[in-house]
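Note that these values count all heavy atoms, side chains included, but never hydrogens, waters or copies made by symmetry. Residue numbers start at 1 and run along the sequence shown.
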Amino acid sequence: MSKLAISAIGPASSVQDGGRYGAQRYGLTPSGAMDRFALATANSLVGNAAFAAAIEIGPFGAKFTAREGAVRIALAGASRNADISGRAIASNTSTTIADGETLTLGFARGGSFSYLAIEAGIAGEPMFGSLAVNARAGLGSPYPRPLQAGDELQTAAASGAAENRIDLPPLVDGPIRVVMGPQDDEFGDAKELFLDREWKISSASDRMGYRLEGHVIKHLHGHNIVSDGTVNGSIQVPGNGQPLVLMSDRGTSGGYPGTNRLRR
């Protein structure tokens with residue numbers, strides 16, 4: 001076994017996989033990667049199953065050192081500077097960190113989350129069928145919390161397999177489609193306000209939800225309703241009139257009217 005030791009990492013980083021499913025009716029949130037496509041990309045480069053556990057790295061930088069043997073990795077997702085002991089490496093490419101070498105990652109550009117997949121995955125004890133971390137619920141493995149300096153991840157030694165690269169098409173900027181939700185009649189003309197105006201993602205956003213700052217969306221009959229089921233991308237409008245887009249660590253039900261669901 002080899003180890004990947006963490007010497008520095010930002011607060012929004014944790015172990016994530018494809019999530020835990022089958023128990024949302026009991027209130028168990030699915031969690032899992034914020035960017036499933038990037039997770040699958042990184043894992044495919046090192047020969048893992050598409051949604052195997054990897055390190056989800058938030059917008060800040062990080063440093064990882066291989067211990068007790070080489071570690072083969074791949075990085076995908078938000079663009080950022082990356083080097084191994086001063087040797088620059090590219091995203092969407094697998095590479096090997098020799099024993100004692102350090103991988104240094106810079107701040108994210110043009111996105112928030114990157115994924116560091118490790119060949120043969122991350123050793124841990126599944127909780128409800130998943131290693132995905134949900135810090136609020138105390139779920140996840142090997143650490144049921146965000147990663148921090150001093151943590152070590154157990155993994156298999158690098159196999160020496162040939163390295164791989166994926167050339168992905170560039171991201172496309174453009175409008176985001178929405179699908180009207182079950183309470184859209186609670187908003188009247190405010191639906192057009194939501195669709196036609198620009199919104200800013202608040203700095204208070206996290207894995208549970210992205211808060212949108214901008215214009216106030218007014219309810220016709222008050223903001224409290226009987227709790228309704230939610231899915232990733234559900235948009236709820238609480239009493240302050242600022243929309244909230246639900247993300248991977250969302251609750252499985254909610255009690256605010258919902259206008260739409262985001263779609264790509």
Is there a donor-acceptor contact under 3.5 Å linking the side chains of [X] and [Y]?
X: Thr102; Y: Thr65; result: yes
X: Arg20; Y: Asn134; result: no
X: Asp249; Y: Thr29; result: no
X: Ser159; Y: Glu119; result: yes
X: Asn232; Y: Arg250; result: yes
X: Glu163; Y: Ser94; result: yes
X: Ser2; Y: Glu68; result: no

Please report the interatomic distance [atom1]([X]) to [atom2]([Y]), rounded to the nearest 0.5 Å.
X: Glu56; Y: Ser112; atom1: CD; atom2: OG; result: 10.0 Å
X: Met208; Y: Ser248; atom1: CE; atom2: OG; result: 12.0 Å
X: Ser13; Y: Phe60; atom1: OG; atom2: CZ; result: 9.0 Å
X: Glu192; Y: Arg197; atom1: CD; atom2: CZ; result: 11.0 Å
X: Leu4; Y: Ile55; atom1: CG; atom2: CD1; result: 5.5 Å
X: Arg36; Y: Thr41; atom1: CZ; atom2: OG1; result: 12.0 Å

Would you say the side chain of [Y] lies within less than 4.5 Å of the side chain of [X], judging by non-hydrogen atoms?
X: Gln242; Y: Arg211; value: no
X: Val71; Y: Thr96; value: no
X: Leu246; Y: Ile235; value: no
X: Tyr115; Y: Ile57; value: no
X: Pro243; Y: Trp199; value: yes
X: Arg87; Y: Asp83; value: no
X: Arg207; Y: Met34; value: yes
X: Gln154; Y: Pro142; value: no

query: Taking the six-membered ring for Trp, are Phe187 and His219 parallel (under 30°), tilted (30 to 60°) or perpendicular (over 60°)?
result: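 Geometry flag for His219 against Phe187: tilted rings.
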
- request: Kindly determine whether Asn240 and Val216 satisfy side-chain contact (heavy atoms from CB on, under 4.5 Å), including the steps that lead there.
  value: CA-CA 7 Å; Asn240 65 4; Val216 174; over 6 Å; no

Ignoring hydrogens and angles, tell me if any N or O in the side chain of [X] forms a donor-acceptor pair with the backbone of [Y] under 3.5 Å.
X: Asp206; Y: Gly209; answer: yes
X: Ser141; Y: Gly124; answer: no
X: Thr93; Y: Arg165; answer: no
X: Arg67; Y: Gly100; answer: no
X: Asn48; Y: Asn43; answer: no
X: Asn92; Y: Asp167; answer: no

Residue pair [X] / [Y]: nearest heavy atoms and the distance that separates them:
X: Ala5; Y: Glu152; answer: CB-CG, 4.0 Å
X: Gly77; Y: Ala38; answer: CA-CB, 3.6 Å
X: Leu45; Y: Arg72; answer: O-NH2, 3.6 Å
X: Ala132; Y: Gly19; answer: CB-CA, 4.4 Å
X: Thr252; Y: Leu28; answer: CG2-O, 3.6 Å
X: Glu101; Y: Ile84; answer: OE1-CG2, 3.3 Å

query: Within a reach of under 6.0 Å around CZ of Phe51, are more than 12 heavy atoms found that belong to other residues, nucleotides or ligands?
result: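 Counting neighbours around CZ of Phe51, more than 12 heavy atoms of other residues, nucleotides or ligands fall under 6.0 Å, so yes.
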
query: Is it the case that more than 12 heavy atoms not belonging to Phe128 sit under 6.0 Å from its CZ atom?
result: no

Honestly curious: do [X] and [Y] fall in one hydrophobic cluster under the side-chain, below-4.5 Å linking rule?
X: Val15; Y: Leu139; value: no
X: Leu131; Y: Ile118; value: yes
X: Phe113; Y: Leu39; value: yes
X: Ile166; Y: Ile73; value: no
X: Leu153; Y: Leu103; value: yes

task: Show the numbers, then the answer: is there a side-chain contact (heavy atoms from CB on, under 4.5 Å) between Leu212 and Phe194?
output: CA-CA 10 Å; Leu212 304 184; Phe194 176 81; 4.3 Å; yes

- prompt: Cation-pi between Arg80 and Phe107: NZ/CZ under 6.0 Å from ring centre and within 45° of the ring axis?
  reply: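 Relative to the ring axis of Phe107, which defines the angle, Arg80 lies outside at least one limit.
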
query: Looking at Asn81, Leu75, Ile9, which one forms a side-chain contact (heavy atoms from CB on, under 4.5 Å) with Leu105?
result: Leu75

task: Start with the C-alpha distance between Gln24 and Thr230, add both sets of side-chain angles, then the distance that settles side-chain contact (heavy atoms from CB on, under 4.5 Å), and finish with yes or no.
output: CA-CA 10 Å; Gln24 292 187 65; Thr230 68; 5.8 Å; no

field: Carboxylate-amine/guanidinium contact Asp151 Lys3, below 4.0 Å
entry: no

query: Taking 4.0 angstrom as the limit, do Lys191 and Asp189 come out as a salt bridge?
result: no

query: Between Phe64 and Thr104, is a side-chain contact (heavy atoms from CB on, under 4.5 Å) present by the stated rule, with each step listed?
result: CA-CA 7 Å; Phe64 306 89; Thr104 302; over 6 Å; no

